[in-house]
Protein chains: 2
Amino acid sequence: MKNNTKAKEAFELPLNQILDGDCIDVMNSLPENSVDLIFADPPYNLQLKGDLHRPDNSKVDAVDDDWDKFSSFETYDRFTKAWLAAARRILKPNGAIWVIGSYHNIFRVGAAMQDAGYWILNDVVWRKSNPMPNFRGKRLTNAHETMIWASKEESSKYTFNYEALKSLNEGIQMRSDWVLPICNGHERLKNDEGTKAHPTQKPESLLHRILVSTTNPGDVVLDPFFGTGTTGAVAKKLGRDYIGIEREADYRKVAEKRLKNIRKFDNESLQVSTSKRAEPRVPFGQLVERGMLQPGEELYSMNKRHKVKVRADGTLVGVDVKGSIHQVGAALEGAPSCNGWTYWCFKRDGKQVPIDLLRQQIRAEMTERPN
Amino acid sequence: MKNNTKAKEAFELPLNQILDGDCIDVMNSLPENSVDLIFADPPYNLQLKGDLHRPDNSKVDAVDDDWDKFSSFETYDRFTKAWLAAARRILKPNGAIWVIGSYHNIFRVGAAMQDAGYWILNDVVWRKSNPMPNFRGKRLTNAHETMIWASKEESSKYTFNYEALKSLNEGIQMRSDWVLPICNGHERLKNDEGTKAHPTQKPESLLHRILVSTTNPGDVVLDPFFGTGTTGAVAKKLGRDYIGIEREADYRKVAEKRLKNIRKFDNESLQVSTSKRAEPRVPFGQLVERGMLQPGEELYSMNKRHKVKVRADGTLVGVDVKGSIHQVGAALEGAPSCNGWTYWCFKRDGKQVPIDLLRQQIRAEMTERPN
DNA sequence: TCCAACGTTGAATCAGCTA
DNA sequence: GTAGCTGATTCAACGTTGG
């Protein structure tokens, strides 16, 4: 949504494409402040092999275990810092990032994110409903992966579709632990030999929840470790623009083919539940101006303990208090704040009616005739 | 088991006591290679700012204690490295450690553990069955904490009671995500004023599972951030020796009293009761996320009188009505309530199929491997 | 004594706009 | 930048009160 036009004008973003190359180089070639969301599934560094990403190209001759271990972590950390910095540069000021990992790498990644200035919003556990068991019985079944959701900086006004997520969860606030199956069956992409095309293909359900919750239609979503393109596939279905970066030709090929066959859902289905916050603000004074409430008319608190009078300027006056509907409600309740819209009622035909009903009438009129 | 006699001979360990002082100093005063397991619940460095109120205007009693305040990440990292090093020195070669934390600190702690030479065995998610909600609707409910289980070094022959844990879990391999309630009710210790004695008391069930799985009777368990002594209490019940370190006199006092009243279980009572699990709740949104139903797909009422469309967030939209499967069903029927699962059908191969069939599929997957 | 209604609480990085 | 005002927002357990 919103202010993505400026950057696009200055430098046409390569939308809905898969870019070939090292993700750090490619991200550095993109304009700063141009991307709404980044989803990153970086190498997990499972065995700390030297073949990962090695900026200095030096080959480590392991002589001593401790030293080798240290240098390997260091190499991984350098790589992590580099791609996180490149990613942060291209994020819009209100942009956000998701990174997924396992215990092998996620602690280093999370610390690097905090050090880079990202502001962690939640860590989210993907609890796999069908994980691989621990065959040797030497440890617990490794049944989850960890995702870190962070904004570009502490002050970022990040996107969070609270109501949509609540709807996805049958009316109960979504928690930080998500139960979803791993990617297998028909969804799991195979290569020409019939074996899996990518070792760690993520399920579309995971990306669905991420994109529905933290992006809006039309947003630009970038994935620096695109793989077989799950991020792009879900983004396309959901009417978001994607940018994929992948240096392995085999993966790009599989992803291209996959994306070609994806169709966007129709617009109506992409509408999600919104919160009251998103609705237009209606000043209380408007109810008086429009004659929906008369100056001098009495309002009653929900709990029937308090009575006040409406004044011509849309303020309320009671015993020893006057001010806005919110201020007077808070003062009478001795509360730090009060939502006057849901606190006050008026009388019609002998019945108590919440004033919020009048606001809803005005809002309904506004949507009938916008502007 | 275990060769703990040697160290004890040279320096009598202060077993089953609470030691007063800074945990780093105290640990440094203990002999090296002398402890079987360490459980650590260090300060989380929450960095809370203003007050937080619930929607009913009551104020959240936040963790604002001085012991949780650090001036910067750097300060926190120095503290973390120091206590982790002191802890590692006193661990036996085959010893192990558990550290618990939240996203505020756990990534820094995990990275520091790897840097210090600990070998991570699992990260374990404590999924709280009754977490505090996110009152402002700005993020996901922070419904879990993360624990890191690590051995002193890669080559350590750590203790893992696979079979005991499996029987704790009704015969199924224990996973890395544990569902346990937070500590409240009678278990929550109060001070003389009737308020909570410690802001972050951990549930005994958590320590029970940790000690059963990774220690043996007679092992020495050390807790450098003892607080009100949950680790000691469970250790005593389970016939392990404990060493607590706590610098706050108030906490020590509460813990002393608590521990005095604890009795060791006889072996028979170590059996845990297994309760039948209720059928897991499956949100309708999950059918959409998983692609079992597409956004835009049409659903039909059982009586064929109504038709609606599925949206990306798991809500339905029809003529003049939108909401959850239950809400829309009730609205269209003019009924006070409606079970959407049995009310709606979708079409497959020209036949009407109840959506409840899809829920049953998901439940079947879940019960293949319950936690 | 029991049940329903109501109140309390928990490791929390919890607002956005206008002047 | 910041001061001020509007006004949006909660789930599961446990405990207490009142009939």
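In what follows, chains are A, B, ... by sequence order, proteins preceding strands, each numbered from 1. Basis for what follows: all heavy atoms, side chains included, without hydrogens, waters or symmetry-related copies.
Heavy atoms of A/Q327 sit under 4.0 angstrom from primed sugar atoms or phosphate atoms, though from no base atom. Across all strands shown, B/D68 has heavy atoms under 4.0 Å from base atoms, whether or not it also approaches the sugar-phosphate. Among the protein residues, B/S129 comes within range of the sugar-phosphate backbone only, with heavy atoms under 4.0 Å from sugar or phosphate atoms but none that close to a base. Contact annotation for B/P42: base contact, defined as any heavy-atom pair under 4.0 Å involving a base atom. Within the 4.0 angstrom heavy-atom criterion, base atoms lie near B/P131. When heavy atoms are screened at a 4.0 angstrom cut-off, A/G340 is found touching no nucleic acid atom at all. B/N184 comes within contact range of the sugar-phosphate backbone alone, with a heavy-atom separation under 4.0 Å but no base atom that close. Here A/R359 lies in heavy-atom contact (under 4.0 Å) with sugar-phosphate atoms only. Counting any heavy atom pair closer than 4.0 Å across all strands shown, B/D41 reaches a base atom. Within the nucleic acid shown, A/F284 has no heavy atom closer than 4.0 Å to any nucleic acid atom. Heavy atoms of B/C183 sit nowhere under 4.0 angstrom from any nucleic acid atom. Residue-level contact check: B/S102 touches neither bases nor backbone, having no heavy atom under 4.0 Å from any strand.
Taking 4.0 Å as the cut-off between side-chain N and carboxylate O, A/E163 and A/K276 do not count as a salt-bridged pair. Salt bridge annotation for B/E204-B/R188: absent, with no cationic side-chain nitrogen under 4.0 angstrom from a carboxylate oxygen. A salt bridge is absent between B/K253 and B/D250; no separation between the charged side-chain nitrogens and carboxylate oxygens falls under 4.0 Å.
Listed nucleotides: D/dA12, C/dT13, C/dA11. Nearest to the side chain of A/Q114: C/dT13. If you check C/dC14, C/dG10, D/dT9 against the side chain of B/K138, the one that comes closest is C/dC14. Of the listed nucleotides (D/dT10, D/dG7, C/dA11), D/dG7 has the atom at the smallest distance from the side chain of A/H326. For B/K202, taking side-chain heavy atoms from C-beta onward, the closest of the listed nucleotides C/dA15, C/dA11, C/dA12 is C/dA11. The side chain of B/T200 has C/dA11 as its nearest neighbour among C/dT9, C/dA11, C/dA15. Out of D/dT10, C/dC14, C/dA11, the shortest distance to the side chain of B/L52 is found at C/dC14. Comparing D/dC11, C/dT13, C/dA11 by their closest approach to the side chain of B/W67 singles out C/dA11. Of the candidates D/dG7, C/dA11, D/dA13, the closest approach to any side-chain atom of B/N130 belongs to D/dA13. For B/D56, counting side-chain heavy atoms from C-beta on, the closest listed nucleotide (C/dC14, C/dG10, C/dT9) is C/dT9. Closest to the side chain of A/R281, out of D/dT6, C/dA12, C/dA11, is D/dT6.
Nearest-nucleotide positions on DNA chain C place B/W126 closer to the 5' end than the other of B/W126 and B/P133. Both B/D61 and B/N134 lie close to DNA chain C; mapped to their nearest nucleotides by heavy-atom distance, the more 5′-ward contact belongs to B/D61. Between B/G137 and A/S324, the residue anchored nearer the 5' end of DNA chain D, judged by the nucleotide with its closest heavy atom, is A/S324.
Atom-to-atom, NZ of A/K166 to C1' of C/dC14 comes out at 15 Å; the value is rounded to the nearest Å. Between B/M132 atom CE and C/dC14 atom C1' there is a gap of 10 Å when expressed in whole angstrom units. Rounded to an integer number of Å, the gap from CD of B/Q47 to P of C/dT13 is 11 Å. Distance, A/I325 CD1 to D/dT6 P: 8 Å, rounded to whole Å. Straight-line distance from the NZ atom of A/K276 to the P atom of D/dT6: 17 Å, rounded to whole Å. Taking atom CG on B/L46 and atom P on C/dA12, their separation rounds to 7 Å, with Å as the unit.
A perpendicular orientation is assigned to the rings of B/F70 and B/Y76, their planes being inclined by more than 60° (bins at 30° and 60°).
Cation-pi geometry between B/R108 and B/F73 is met: under 6.0 angstrom from the ring centre, within 45 degrees of the axis. Annotation: cation-pi geometry not satisfied between A/R127 and A/W178 (NZ/CZ under 6.0 angstrom from ring centroid, within 45° of ring axis).
Spacing between C/dT13 and D/dC5 at atom P, rounded to whole Å, works out to 29 Å. Straight-line distance between the P atoms of D/dA8 and C/dT18: roughly 15 Å, to the nearest whole Å. Taking the P atom of each, D/dA12 and C/dC14 are spaced 23 Å apart, rounded to whole Å. Distance check on atom C1': D/dT10 versus C/dG7 gives 14 Å, rounded to whole Å.
Minimum heavy-atom separation, B/I182 to B/P203: C-CB, 4.4 Å.
Within the 3.5 Å criterion, the main-chain N or O of B/W67 finds no donor-acceptor partner in the side chain of B/D65. Of the possible polar contacts, one joining the A/Q173 side chain to the B/N134 backbone as a donor-acceptor pair under 3.5 Å is found.
Both geometric conditions, a ring-centre gap below 5.5 Å and a plane tilt below 30°, are fulfilled for B/Y44 over the base of C/dA11. Per the stacking criterion (ring centres < 5.5 Å, plane angle < 30°), A/W119 stacks onto the base of C/dT13.
Less than 4.0 Å separates DNA chain C from no heavy atom of any residue of residues 304-319 of chain A.
A donor-acceptor contact under 3.5 Å links the side chain of B/R54 to the base of C/dG10. Evaluation of atom-type donor-acceptor distances gives no pair under 3.5 Å for the side chain of B/K49 against the base of C/dA12. At a cut-off of 3.5 angstrom, the base of C/dT13 holds at least one donor-acceptor pair with the side chain of B/R139. Looking at A/T342, its side chain has no donor and acceptor atom pair within 3.5 Å of the base of D/dA8. For B/D51 against C/dA12, no side-chain N or O and base N or O form a donor-acceptor pair under 3.5 Å.
For the OP1/OP2 pair of D/dT10 and a distance below 4.0 Å, the side-chain nitrogens and oxygens of A/Y162 include at least one atom meeting the criterion. Within the 4.0 Å cut-off from OP1 or OP2 of C/dT13, at least one side-chain nitrogen or oxygen of B/N142 is found. Side-chain N/O atoms of A/K157 include none lying less than 4.0 angstrom from OP1 or OP2 on C/dA15.
Nucleotide C/dC2: paired with D/dG19 (Watson-Crick or G-U wobble, both distances less than 3.5 Å).
Of the residues listed (A/W119, A/W126, A/F39, A/W98), the one engaging A/W149 in a ring-ring contact (aromatic ring centres under 6.0 Å, His included) is A/W98, and it is the only one. Partner of B/L140 under the side-chain contact (heavy atoms from CB on, under 4.5 Å) criterion, chosen from A/L165, A/D123, A/L121: A/L165.
Residues in residues 38-62 of chain B take part in these salt bridge (Lys or Arg N to Asp or Glu O under 4.0 Å) pairs, two or more places apart or across chains: A/E154-B/K49, B/D41-B/K202, B/D51-B/K59, B/D61-B/K196.
Syn is the glycosidic conformation of C/dT13, whose angle stays within 90° of 0.
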